[in-house]
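Written out below as structure tokens is the structure these notes cover.
Treat the numbers as computed from the prediction; the structure is a model and nothing was measured.
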Amino acid sequence: MAEAYPANEGRPRRRGRKVLVGFVVLLLVLAGLLVVADRVAAGVAERAIADQVKKEVAKQDAQSSTPQVEVGGFPFLTQVLAGKYERISIVLTDVTGKVQGDAVSVPRLDVDARNVKASLDTLRSGRGDVVAETVDGRGTVTYDSLAKLLNRPGLTLGERNGKLAVTAPVDILGAKLTVNGTADVTVANGKVALRFNDVTAEGLPNLPLAKTLLANYAKGISVDVPLPELPFQLNVRKVEPRPEGLVVDADARNVPINSAG
């Protein structure tokens, strides 16, 4: 004879599964709320740091659009409690600085700060230092700005096969010619060294004096060009001609990325 089982024996199991599902849903909701709170707090810090960076840029007698700041690392709140942040990325656009009275344009400057120390009180009050262990920066100096610093009428600069290229009108022994050439670009004593070694002029008279005058012109534009003072105490370590402009790489260590109050 078959045994009869109570009809309601499976109810406790179903009830247990419902409790478990509800608990999981609750955990997911709480996790979502924590993520939202984490991002909101990060946003507040990013705006506070952006304000401080703006002051730092002004200290260098430079101007830029409103800094874009992103605090990396997750979760953010644990970094707040520790007072140390893995990475802070800063993007400055439409940067202009002064060199010998002339405005130098840097359309974009990317700054990556690592291992940044900043207390909660500093972020909240805006007073105190936000110090980065390392800072790497990359900016692009426009060729128009660089050409103005050379102060040669009609001279234009650009990139050709990875080198800095020059085109300029010259008058040699009464002949109006166009100079074309390329330069080696290096960093020397915090300045960009331009050395125009390969310069030609179509139609140049085949005379020693004409060749000497062309060589003198090349020497005249082979100069050390100072760059505008970069924010965050960045030191130029590498320059590279690109189609969009002269790309400048710079770095610094143990520097404040805010204006101490």
Stepwise side chain to side chain contact (heavy atoms under 4.5 Å, CB included) test for D224 and R195: CA-CA 9 Å; D224 294 344; R195 298 295 179 263; 2.9 Å; yes

Take N180 and T200 through the side chain to side chain donor-acceptor pair (under 3.5 Å) test and state the conclusion after the steps. CA-CA 5 Å; N180 287 285; T200 61; 5.5 Å; no

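In this structure, the separation between CD on Q68 and CD1 on I90 is 11.0 Å, given to the nearest 0.5 Å. Atoms CG and NZ, on N197 and K219 in that order, are 11.0 Å from each other to the nearest 0.5 Å. To the nearest 0.5 Å, atoms CD (E86) and CZ (R114) are separated by 8.5 Å. Interatomic distance, CG of D184 versus NZ of K163, reported as 4.5 Å (0.5 Å rounding). Within the model, atoms CG of L150 and CZ of F196 stand 6.0 Å from one another, a figure rounded to the nearest 0.5 Å. A distance of 11.5 Å separates CG in L157 from CZ in R152, rounded to the nearest 0.5 Å.
In N161, the CG atom is not crowded: 12 or fewer heavy atoms of neighbouring residues, nucleotides or ligands sit closer than 6.0 Å.
When side chains are defined from C-beta on, K191 does not count as touching V225, because their heavy atoms never get closer than 4.5 Å. The closest side-chain heavy-atom distance from N115 to T134 is not below 4.5 Å. For the pair V247 and K238, the minimum side-chain heavy-atom distance is 4.5 Å or more. T178 places none of its side-chain heavy atoms less than 4.5 Å from the side chain of E202. No side-chain heavy atom of V187 sits under 4.5 Å from any side-chain heavy atom of R237.
Between the side chain of R242 and the backbone N or O of T140, no donor-acceptor pair lies under 3.5 Å.
The side-chain contact (heavy atoms from CB on, under 4.5 Å) test with V236 is passed by exactly one of D249, V248, D251: V248. Across V91, D136, L92, a single residue satisfies side-chain contact (heavy atoms from CB on, under 4.5 Å) together with D110, and that is V91. I221 pairs in a side-chain contact (heavy atoms from CB on, under 4.5 Å) with only one of the listed residues (L194, L155, N151), which is L155.
Contact between P241 and V185 at its shortest, heavy atoms only, is CG-CG2, 4.2 Å. Shortest non-hydrogen contact noted between G139 and V106 is CA-CG1, 4.2 Å. The heavy-atom pair separating A218 from S222 by the smallest distance is O-OG, 2.7 Å. The shortest heavy-atom contact between V199 and V179 is CG1-CG1, 3.1 Å. Nearest heavy atom pair, residue A252 against residue Q233, reads CB-O, 3.4 Å. Looking at every heavy atom in both residues, P243 comes nearest to E159 through CG-OE1, 3.7 Å.
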